There are 2 protein chains.
Amino acid sequence: MAERGEGTGRQPLTRDRVLRTAVAVADEQGLEAVSMRRLAQVLGVVPMALYKHVANKDELLAAMVDAVVTEMGAGSATVGDDGWRPALRGRVLAAREVLLRHPWARRVMEEQVSPTPAVLAHQDAMIGLLLAGGLSVDLVHHVMHALGSRVFGFSQELYDAAPAPVDPELLAVMAERMGAMFPNIVAVATSRPHDPATVVGPTGCDDRFEFEFALDLLLSGVERLHAEGWTSAPVSR
Amino acid sequence: MAERGEGTGRQPLTRDRVLRTAVAVADEQGLEAVSMRRLAQVLGVVPMALYKHVANKDELLAAMVDAVVTEMGAGSATVGDDGWRPALRGRVLAAREVLLRHPWARRVMEEQVSPTPAVLAHQDAMIGLLLAGGLSVDLVHHVMHALGSRVFGFSQELYDAAPAPVDPELLAVMAERMGAMFPNIVAVATSRPHDPATVVGPTGCDDRFEFEFALDLLLSGVERLHAEGWTSAPVSR
DNA sequence: GTCCGGAGGTGTACGGCGTACACCTTCATG
DNA sequence: CATGAAGGTGTACGCCGTACACCTCCGGAC
């Protein structure tokens, strides 16, 4: 008796518990406090025990951001009678709320090589909203880039993934699976290949064009506000 | 004879040489290759020798970003006959070029606690352009936030610095010095304190308002493009 | 000329990190 | 009961940043 529930390490160590603990530690003590050794200590276990549930630290970090992005609730996205804009706006603000609760997540996402499934789902939902709103595929493409650095900062490498699994057959299989899960992403990504000459890296998508598109969108908006004599925040907040 | 110029460690080790080597290593082999030990090895010297020229690794990283930001050339900013917009646009694009050459710099900046002098100078120059263009101080403030994540990603903590050096006298001295060096920043920062209730952290500036300001600027632009029947890139690229 | 002090390079050592590898227990299943 | 997999352990290696004591050299003060 008194065997279970008293120490910190009493309940069984599961991948889920590792993950939730890691997120909690990152939230409360910052990302730099998330080391395999510290995490193991918090869980009342020896460091190497974690490796029975997690491939390595990078995989753990990826799973952590996946959990966070899942909080954003990609499922609940539909365009109402008032059009795409309020729906998209709400979704972006919801994402922001989540990222405010987990300030470390943005940084981890940015240094990740390829997006996690939850990230793709989120992007797919956003694209779905815009397409449902009637925007052209090209416009949607650019909008996603323009919003990217605002929603989370990692949209530069949105459409890479699959770094050269040269086998074309395997690539076709992957494309098919992607299409089944994230139809909107595939629709946008395949419609308009980026100019390879202006691309940032061998696989990147941060064309100069995309950058200037977003920049000019902002500058035009500013110019308009200025021309309208904007001096302080409108009353409607 | 044959005493100097043959080995890698022949010329004297100076702070400048350490810095330039560090930037070169980061450019060529990535930021994770920049460790004090590896850097020392490249310089043909024992690791601890670096500490005679650099306080610690954080200070080295700060100096590295400072060098990069200086490349952006904060000095050459004036509003021509065609208004503030082309001047600002060119400056942002120039910053982007520099950051493309040093992809590690953005990440380092983002995890830095307070902006380096060169960063402040850059921001001051940008603000100067907008003010010279006749924009109101408030509008300039919001524009800087909106552009922030596009130019570099660190504008969230633009106006913090000075984390509670409670002594008001010392604070006044600092404010005076700041004003002498970066008059535009001070003008904007002091005109409109942020609502402490909606601020992200104790000192942050990433108000919900600033976020929505930029977001709505983008969304309005998109809406306008869509209404105009935008389907592909305008010919003027 | 002698002395001295500081600038700058060295060597050793400590505590932390991620994780490879061999090991041991436990327990459901043949 | 034997077996083998799943899961926790202990040890060890090679990285990391850097504290601290040391040495060496050189330019001026006397």
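Each chain gets a letter, A, B and so on, in the order the sequences are listed, and its residues count up from 1. Predicted model, so just to flag it, every value in this text is computed and none were measured.
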Student: Would one find a side-chain N or O of A:H53 under 4.0 angstrom from OP1 or OP2 of D:dA6?
Tutor: no
Student: Rounded off to whole Å, could you give me the CD-to-P distance for the B:Q41 and C:dG9 pair?
Tutor: 17 Å
Student: Quickly work out the A:E59 CD to C:dT19 P distance and round it to whole Å.
Tutor: 11 Å
Student: Go through C:dG9, D:dT18, C:dT19 for me and flag the one nearest to the A:N56 side chain.
Tutor: C:dT19
Student: May I ask you to say whether A:R106 pairs ionically with A:E110, meaning some side-chain N is under 4.0 Å from a carboxylate O?
Tutor: yes
Student: Tell me the interatomic distance from B:L50, atom CG, to D:dG17, atom P, rounded to whole angstroms.
Tutor: 10 Å
Student: Rounded to the Å, how far apart are A:L61 CG and C:dC17 C1'?
Tutor: 14 Å
Student: State which residue, out of B:L129, B:L130, B:L131, fulfils the side-chain contact (heavy atoms from CB on, under 4.5 Å) condition with B:I127.
Tutor: B:L131
Student: Among C:dA20, C:dC17, D:dG7, which is the nearest nucleotide to the side chain of A:R38?
Tutor: C:dC17
Student: Look at the side chain of A:R37 and the base of C:dG18, then say whether one donor and one acceptor between them are separated by less than 3.5 Å.
Tutor: yes
Student: Find the distance B:E32:CD to D:dC16:C1' and express it as a whole number of Å.
Tutor: 14 Å
Student: On a plain distance test, is the side chain of A:K57 in donor-acceptor contact with the base of C:dG18 below 3.5 Å?
Tutor: no
Student: What nucleotide, of C:dG18, C:dT10, D:dT18, holds the atom closest to the side chain of B:Y51?
Tutor: D:dT18
Student: What is the separation between atom CE on B:M36 and atom P on C:dC17, rounded to the nearest whole Å?
Tutor: 20 Å
Student: For the residue pair B:H141 and B:H145, does the interplanar ring angle fall in the parallel (under 30°), tilted (30 to 60°) or perpendicular (over 60°) class?
Tutor: parallel
Student: If you check the A:M48 side chain, which of D:dG10, D:dG17, C:dT12 turns out closest?
Tutor: D:dG10
Student: Looking at the side chain of A:V46, which of D:dG17, D:dG10, C:dG11 is the nearest nucleotide?
Tutor: D:dG10
Student: Would you kindly give the CG-to-C1' distance between B:D58 and D:dC16, to the nearest whole Å?
Tutor: 13 Å
Student: Using a strict 4.0 Å threshold on nitrogen-to-oxygen distance, state whether A:R15 and A:E59 make a salt bridge.
Tutor: yes
Student: Quick check: are there more than 12 heavy atoms from other residues, nucleotides or ligands sitting under 6.0 Å from CZ of B:R20?
Tutor: no
Student: Atom NZ of B:K52 and atom P of D:dC25: how far apart are they, to the nearest Å?
Tutor: 16 Å
Student: Taking for each residue the nucleotide of DNA chain C with the nearest heavy atom, is it A:S35 or A:A55 whose nucleotide lies nearer the 5' end?
Tutor: A:S35
